[in-house]
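Following: one structure in structure tokens, then a few remarks.
Given the structure is predicted, the values throughout are model-derived calculations rather than measurements. Below, chain A is the first sequence line, B the second, and so on; all start at residue 1. For the numbers below, each heavy atom of this structure counts, side chains included, while hydrogens, waters and symmetry mates do not.
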Protein chains: 4
Amino acid sequence: MVKKAGDKYHAIIDAAVKVIAEHGYHNAQVTKIAREAQVADGTIYLYFESKDDLLISLFRLKMTRFVEKVKHQIELVDTVEQKLYQLIYMHFKQLAMDQDLAIVTQIELRQSNRDIRKLIGATLKIYHQLIEDLIRQGIDEGKFHQQLDIRVMRQMIFGTIDETVTSWVMKEMKYDLLSLVQPVFFLLMNALKCK
Amino acid sequence: MVKKAGDKYHAIIDAAVKVIAEHGYHNAQVTKIAREAQVADGTIYLYFESKDDLLISLFRLKMTRFVEKVKHQIELVDTVEQKLYQLIYMHFKQLAMDQDLAIVTQIELRQSNRDIRKLIGATLKIYHQLIEDLIRQGIDEGKFHQQLDIRVMRQMIFGTIDETVTSWVMKEMKYDLLSLVQPVFFLLMNALKCK
Amino acid sequence: MVKKAGDKYHAIIDAAVKVIAEHGYHNAQVTKIAREAQVADGTIYLYFESKDDLLISLFRLKMTRFVEKVKHQIELVDTVEQKLYQLIYMHFKQLAMDQDLAIVTQIELRQSNRDIRKLIGATLKIYHQLIEDLIRQGIDEGKFHQQLDIRVMRQMIFGTIDETVTSWVMKEMKYDLLSLVQPVFFLLMNALKCK
Amino acid sequence: MVKKAGDKYHAIIDAAVKVIAEHGYHNAQVTKIAREAQVADGTIYLYFESKDDLLISLFRLKMTRFVEKVKHQIELVDTVEQKLYQLIYMHFKQLAMDQDLAIVTQIELRQSNRDIRKLIGATLKIYHQLIEDLIRQGIDEGKFHQQLDIRVMRQMIFGTIDETVTSWVMKEMKYDLLSLVQPVFFLLMNALKCK
DNA sequence: GATGAATGAGGCTTCATTCAT
DNA sequence: AATGAATGAAGCCTCATTCAT
């Protein structure tokens, strides 16, 4: 397999995102992706072991970048409140700016098979970790409840954010996702903060 | 098409749930479902127009019952707090008791194709409606925040509950889902309540 | 198998003609024919051995009646010219009056499988025989050519008549078939007569 | 879809003709045709959209060539008598030389479904046109009857020729079709000519 | 490295026929 | 005699993957 460095590696991944967003997971045949990437069908197999490998790589690449950006932005601010705000803002911002990616991650990729889902689950753990670190900081600083299960808190944060994005995608992105940063932040802070 | 009344209608749906839970959405062939239901392949087409129709019917039937039970239980109590508690409790309870159904609704059915997902979305609206009614009651009674978008509140409630169940399923149901009723309820009340 | 005498025997055959004319040979399922005949699916198998048997019986019954009528009418006149005229007239007349039957015999039944076609061929022989008898009379009376192969003459008569009807059916019976009796008779007489 | 130029396009069509002639229309499964053409099942779908498309293409290709040859041969002679003779001769000659094709066009393809039959009808129009042009020439030259409907004349010519071939095929080609060119020509000339 | 024609396994669905009532 | 729910065999087509060029 060729190293990832090549232009084509990213061209294929981007083509996959576009094709899946446009035609749906079940209509994203290898041939279609190859045509969109302007390579031959066989070329895809020089860069990826299988179609599954392409999809996993796609999710991993995009997710890693996604998390990296959130993480980087969070490190620029100090208080846990600001960090949570940045997390929600960056999450919404990135998907609002790349609507194809939003469709793919919120809807289409969830239709993939078990093995892919498992690996996606593994990739998501990094993001979950990030959220749990944030929660721990909040608890340490005495700002968040101490008795609550961190996992449950994380599930609330991720669940709320994820459901908000999914609803927005399902409504065909007809409203401004970023306008929901504020209310979502408010609700989550309310839920978590130690009064 | 034969009427739904027959034993076989439900036998087929139950067989489908079991086969999908066991083998996954993409390995739930009609032949497998038929064998599990102890009918011939063709018999399925006496009760359902297509495999898609079977899956949609499955979800609609189970979801309708699900919502009916939650709705019924909620009506037995008065305060909005009790209602929210019952909602979470019933949601977790029903899926904890029918783990095959949990796998199917949380994981496998989300892999279905666009058309099925659309109809599933329509069915879910009933549940969303139920939650929003509950929120409105809370607002009317002056217990919940008034300035917040009801949709965002609903997304938080549903997103948190759904993510909690999905995480539990992904962890292969190794812990007691019902033990999370209390903390989830606490967090959600915290988030919503007007202080 | 029940005897043919019953009402249902003919009800089923007539239903078959109607269903095939309406929906085409490949969409004439047993269930549809049964419903049209107002009997149960299984009842058909009390009167016919198989669907093929029904179709063969249908053709044989209709064909026999058809030929009988032509034969009877021909016997009422003396000269071979009058007989040929009656043959063409009766052929066109009967199909013009029963357009469903016309569709079935000219178009749909020709789509049936090999075995049915073979038996249909056998049934057609009676009609061929009738035509050849007529030709022989013409030759004997010194009115038709004597050197020509009777089979070729018969093929011309039948071929011309049959193609004329088929063309009419293909044109959705938009013109009056009976207006073609005269010209077809004229052409055929021209061809055959000894000058 | 790959272009028709490839060897395989014709290999598949020829295989289809052979399989249909040998096993009959209803027993000409895609798998059988593929095996005969020595390609994989899927390969057929690189060259044809569907099985129907293959059958239509088959008929169109063979029919077009057929008509082209007849047309070409007719143009080599001047008088309408010679042209009619060539038409009959070429028609019989081509089918006598390719008996598989004869079986397919006279018997099996007529068993195809409505859509295929419609397109076959359209293709046949070219041939009908050719015959009618010939008739018009005969009339213009004062050799054929002028009062007769050209359509009826064409139906006689085509009907007689077609029935002659069909009878020959049904008799399992046990006699020499070409020996019928002369008598058929004689009969048709007799019918049409202005005396 | 790149191509793209060829492969072939596998599944949904139809419908003539049966048989318990 | 009549019913009609149940049967199950059989076929068209898709598409991820390969490999000769």
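Closest approach to the B:Y47 side chain among E:dA2, F:dA5, E:dA5 is made by F:dA5 (side chain taken as heavy atoms from C-beta onward). Nearest to the side chain of D:V39, among F:dG8, E:dT7, E:dA6, sits E:dT7. Here the side chain of D:K51 is nearest to one of E:dC12, E:dA6, F:dC12, namely F:dC12. With E:dG11, F:dC12, F:dA5 as the candidates, the nucleotide lying closest to the side chain of D:V30 is F:dC12.
Sequence order on DNA chain E of the closest nucleotides to B:S50 and C:D52 puts B:S50 first from the 5' end. When the nearest nucleotides of DNA chain F are assigned to D:T43 and D:A28 by heavy-atom distance, the more 5′-ward of the two goes with D:A28. For B:G42 and C:D41, each mapped to the nucleotide of DNA chain F holding its nearest heavy atom, the one lying further toward the 5' end belongs to C:D41.
With rounding to whole Å, C:R35 atom CZ is found 15 Å from F:dA5 atom C1'. Put simply, CG on D:N27 is 11 Å from P on F:dA10, counting in whole angstrom units. When the P atom of F:dC15 is taken as reference, atom OH of A:Y45 falls 13 Å away, rounded to whole Å. Between the CD1 atom of A:I44 and the C1' atom of F:dC19 there is a distance of 16 Å, rounded to whole Å. When the P atom of E:dC12 is taken as reference, atom NE2 of A:H26 falls 13 Å away, rounded to whole Å. The interatomic distance linking C:L46 (CG) with E:dA16 (C1') rounds to 15 Å, in whole Å. At whole-Å resolution of the value, CD in C:Q29 and P in E:dT17 are 13 Å apart. Rounded to whole Å, atom P of E:dC12 lies 17 Å from atom CD of B:E49.
For the pair B:K8 and F:dA5, the criterion of a side-chain N or O lying under 4.0 Å from OP1 or OP2 is not met. Distances shown here put every side-chain N or O of B:K32 at or beyond 4.0 Å from the OP1 or OP2 atom of E:dG11.
Between the CG atom in D:D98 and the CZ atom in D:R65 there is a gap of 10.5 Å [rounded to 0.5 Å].
Pair assignment for F:dA1: none, as no Watson-Crick or G-U wobble contacts are both less than 3.5 Å. Partner assigned to F:dC15 is E:dG8, using Watson-Crick or G-U wobble distances below 3.5 angstrom.
Side-chain contact between A:N27 and A:K32 is present, with at least one heavy-atom pair separated by less than 4.5 Å. Taking the side chain as every heavy atom from C-beta outward, B:M63 and B:L124 approach each other to under 4.5 Å.
Of the listed residues (B:I20, B:I120, B:V104), just one forms a side chain to side chain contact (heavy atoms under 4.5 Å, CB included) with B:L55, and that residue is B:I20.
Ring orientation note: the planes of B:F48 and B:Y9 are close to parallel, at an angle under 30° on the 30°/60° scale.
Across all strands shown, A:T31 has no heavy atoms under 4.0 Å from either base or sugar-phosphate atoms.
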